[in-house]
Amino acid sequence: MKNKSENKMELIYQTTIELLNEIGLSDISMSKIAKRASISSSSIYFYFESKEDLLIKLYFNLKDQMHEMMFRGVTVADMSVKDGFEKILRNYSNYIVNNKANFQLMEQFLESPFIRKSCKDHNGGVFKPMYALFERGIKEGLFKDLETNLLVTYSCLPFVQMGKEYINGEYEFSSANIDKMIQMSWDAIKT
């Protein structure tokens with residue numbers, strides 16, 4: 001069971017996500033967050049030093065949640081590269097479908113100069129945890145012998161783009177479509 005402090009932080013995070021998706025990074029303020037959450041600004045400042053501190057912590061919180069979901073049920077060392085690849089991309093697709101507001105905000109964050117400048121990622125980029133699996137795929141001769149970041153980017157960004165289209169009501173993340181996307185991503189980088 002969450003304690004009162006965790007509940008308050010969760011309220012602040014959820015309210016901030018809603019507002020950021022509505023009005024964007026440039027128009028957000030602590031007072032707008034407080035008003036929407038029906039709490040005092042001083043309550044927010046109890047948990048966060050500044051708006052920037054809140055945004056940075058929210059970014060890392062969302063990123064950690066996304067990684068946790070992407071790697072649920074994945075044991076890179078014990079799975080075949082193909083099974084790990086498929087599971088991660090299927091999990092990522094499910095993350096997009098089940099966390100639309102968070103996905104939308106992460107995309108906004110990743111396009112933001114503030115986040116790029118302020119969040120010198122302590123654990124790499126959004127897809128960095130996939131690198132070990134891809135490096136194993138290169139060693140095993142399954143993937144093209146190219147830079148790992150190029151292979152990861154080339155296979156994952158179609159999911160990001162289709163996620164954006166899904167959010168806009170222009171694409172259906174059906175099981176059949178996800179299967180096709182996974183196969184196309186695999187085919188694009190395999191030897």
Side-chain angles (χ1 to χ4, degrees), residues 13 17 20 25 55-168 170-191:
Y13 279 153
I17 291 167
L20 284 168
L25 279 166
L55 294 174
I56 290 166
K57 286 178 178 167
L58 177 59
Y59 167 75
F60 284 116
N61 180 276
L62 290 176
K63 186 175 156 198
D64 290 346
Q65 286 177 15
M66 186 182 77
H67 286 169
E68 182 182 321
M69 188 165 220
M70 284 174 67
F71 285 88
R72 187 169 289 149
V74 176
T75 52
V76 174
D78 300 331
M79 297 178 95
S80 73
V81 171
K82 185 164 187 175
D83 287 346
F85 178 88
E86 289 177 2
K87 182 77 172 160
I88 291 167
L89 291 178
R90 195 169 310 286
N91 286 348
Y92 183 56
S93 299
N94 288 330
Y95 170 81
I96 294 169
V97 169
N98 295 310
N99 299 278
K100 292 177 192 175
N102 293 4
F103 170 76
Q104 192 174 5
L105 182 56
M106 280 299 288
E107 286 307 300
Q108 190 179 157
F109 273 162
L110 294 172
E111 295 298 321
S112 164
F114 165 75
I115 292 295
R116 281 196 306 273
K117 186 177 118 192
S118 303
C119 296
K120 296 295 182 196
D121 245 329
H122 60 272
N123 60 352
V126 173
F127 295 110
K128 188 77 170 182
M130 297 176 73
Y131 280 38
L133 179 76
F134 278 68
E135 287 164 0
R136 198 171 113 212
I138 294 167
K139 275 186 194 166
E140 292 178 10
L142 298 169
F143 293 157
K144 293 176 171 84
D145 190 11
L146 298 170
E147 298 163 29
T148 305
N149 65 338
L150 182 62
L151 295 174
V152 170
T153 300
Y154 202 79
S155 59
C156 294
L157 284 187
F159 287 83
V160 173
Q161 181 58 40
M162 298 316 286
K164 291 176 186 177
E165 291 186 24
Y166 168 73
I167 296 293
N168 292 327
E170 300 165 359
Y171 185 76
E172 181 186 349
F173 257 121
S174 66
S175 187
N177 284 345
I178 292 169
D179 289 344
K180 289 178 208 171
M181 290 174 60
I182 290 171
Q183 189 61 52
M184 289 170 63
S185 288
W186 178 264
D187 291 345
I189 64 171
K190 73 178 185 178
T191 54

S.K.: Near Gln65 CD, under 6.0 Å, is it more than 12 heavy atoms from other residues, nucleotides or ligands?
M.R.: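 Atom CD in Gln65 is packed in, count exceeds 12.
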
S.K.: With sequence neighbours excluded, give me every salt bridge (charged side-chain N to carboxylate O under 4.0 Å, His left out) pair touching residues 92-104.
M.R.: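 Every pair satisfying salt bridge (charged side-chain N to carboxylate O under 4.0 Å, His left out) with a residue in residues 92-104: there are none.
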
S.K.: Does a sphere of radius 6.0 Å around CG in Asn168 hold more than 12 heavy atoms from other residues, nucleotides or ligands, not counting ones at 6.0 Å or beyond?
M.R.: yes

S.K.: Within this structure, what is the CG-NZ distance for the pair Leu142 and Lys82, rounded to the nearest 0.5 Å?
M.R.: 9.5 Å

S.K.: Does any non-hydrogen side-chain atom of Val74 lie less than 4.5 Å from one of Leu133?
M.R.: no

S.K.: Give the intermediate values and the outcome of side-chain contact (heavy atoms from CB on, under 4.5 Å) for residues Glu135 and Phe143.
M.R.: CA-CA 9 Å; Glu135 287 164 0; Phe143 293 157; over 6 Å; no

S.K.: Set out, in order, the CA-CA distance, both residues' side-chain angles and the distance that settles side-chain contact (heavy atoms from CB on, under 4.5 Å) for Phe127 and Asn149, then state yes or no.
M.R.: CA-CA 9 Å; Phe127 295 110; Asn149 65 338; over 6 Å; no

S.K.: Thr153: which residues meet the side-chain contact (heavy atoms from CB on, under 4.5 Å) condition with it, sequence neighbours left out?
M.R.: Leu157

S.K.: What residues, two or more places apart in sequence or in another chain, satisfy ring pair (Phe, Tyr, Trp, His ring centres under 6.0 Å) together with Phe173?
M.R.: Tyr166, Tyr171

S.K.: Pair up each side-chain donor or acceptor in residues 180-191 with any protein partner under 3.5 Å, not counting sequence neighbours, and list the distances.
M.R.:
from   : atom 1 : to     : atom 2 : distance (Å)
Gln183 : NE2    : Asp187 : OD1    : 2.8
Ser185 : OG     : Ser155 : O      : 2.9
Ser185 : OG     : Met181 : O      : 3.2
Thr191 : OG1    : Gly141 : O      : 2.9

S.K.: Quick check for you: to the nearest 0.5 Å, what is the distance between His67 atom NE2 and Ile88 atom CD1?
M.R.: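 If we round to the nearest 0.5 Å, His67:NE2 and Ile88:CD1 are 10.0 Å apart.
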
S.K.: If you look at every heavy atom in Ile96 and Gly163, which pair is closest and at what distance?
M.R.: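 Shortest heavy-atom separation between Ile96 and Gly163 comes out as CG2-CA, 3.8 Å.
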
S.K.: If you compare all heavy atoms of Leu151 against all heavy atoms of Lys144, which two are closest, and at what distance to 0.1 Å?
M.R.: CD1-O, 3.5 Å

S.K.: For Asp83, check salt bridge (Lys or Arg N to Asp or Glu O under 4.0 Å) against everything at least two apart and list the hits.
M.R.: none

S.K.: Once ring pair (Phe, Tyr, Trp, His ring centres under 6.0 Å) is applied, do any residues pair with Phe71, and if so which ones, sequence neighbours excluded?
M.R.: none

S.K.: What residues form a ring pair (Phe, Tyr, Trp, His ring centres under 6.0 Å) with Phe159, not counting sequence neighbours?
M.R.: none

S.K.: Would you call Lys128 and Val152 a side-chain contact if the rule is heavy atoms closer than 4.5 Å?
M.R.: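 Not touching, per the 4.5 Å side-chain cut-off.
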
S.K.: Could you work out, with side-chain contact (heavy atoms from CB on, under 4.5 Å) as the rule, every residue matching Gln161, not counting sequence neighbours?
M.R.: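 Expected list: Lys164, Glu165.
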
S.K.: Give the table of side-chain donor-acceptor pairs shorter than 3.5 Å for residues 102-109, with sequence neighbours excluded, one pair per line with atom names and distance.
M.R.:
from   : atom 1 : to    : atom 2 : distance (Å)
Gln108 : OE1    : Leu25 : N      : 3.1
Gln108 : NE2    : Leu20 : O      : 3.2

S.K.: Measure across Met70 and Asn91 and return the closest heavy-atom pair with its distance rounded to 0.1 Å.
M.R.: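 Minimum heavy-atom contact is O-ND2, 2.9 Å.
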
S.K.: What residues, two or more places apart in sequence or in another chain, satisfy salt bridge (Lys or Arg N to Asp or Glu O under 4.0 Å) together with Lys87?
M.R.: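 Per chain and number, Lys87 pairs via salt bridge (Lys or Arg N to Asp or Glu O under 4.0 Å) with no residue.
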
S.K.: Let me see the working for Ile138 and Leu146 under side-chain contact (heavy atoms from CB on, under 4.5 Å), right down to the final yes or no.
M.R.: CA-CA 8 Å; Ile138 294 167; Leu146 298 170; over 6 Å; no

S.K.: Identify, with sequence neighbours excluded, every residue that meets salt bridge (Lys or Arg N to Asp or Glu O under 4.0 Å) alongside Glu140.
M.R.: Arg136

S.K.: Give the intermediate values and the outcome of side-chain contact (heavy atoms from CB on, under 4.5 Å) for residues Val81 and Phe134.
M.R.: CA-CA 8 Å; Val81 171; Phe134 278 68; over 6 Å; no

S.K.: Among residues at least two apart in sequence or on other chains, which ones pass salt bridge (Lys or Arg N to Asp or Glu O under 4.0 Å) with Glu68?
M.R.: Arg72

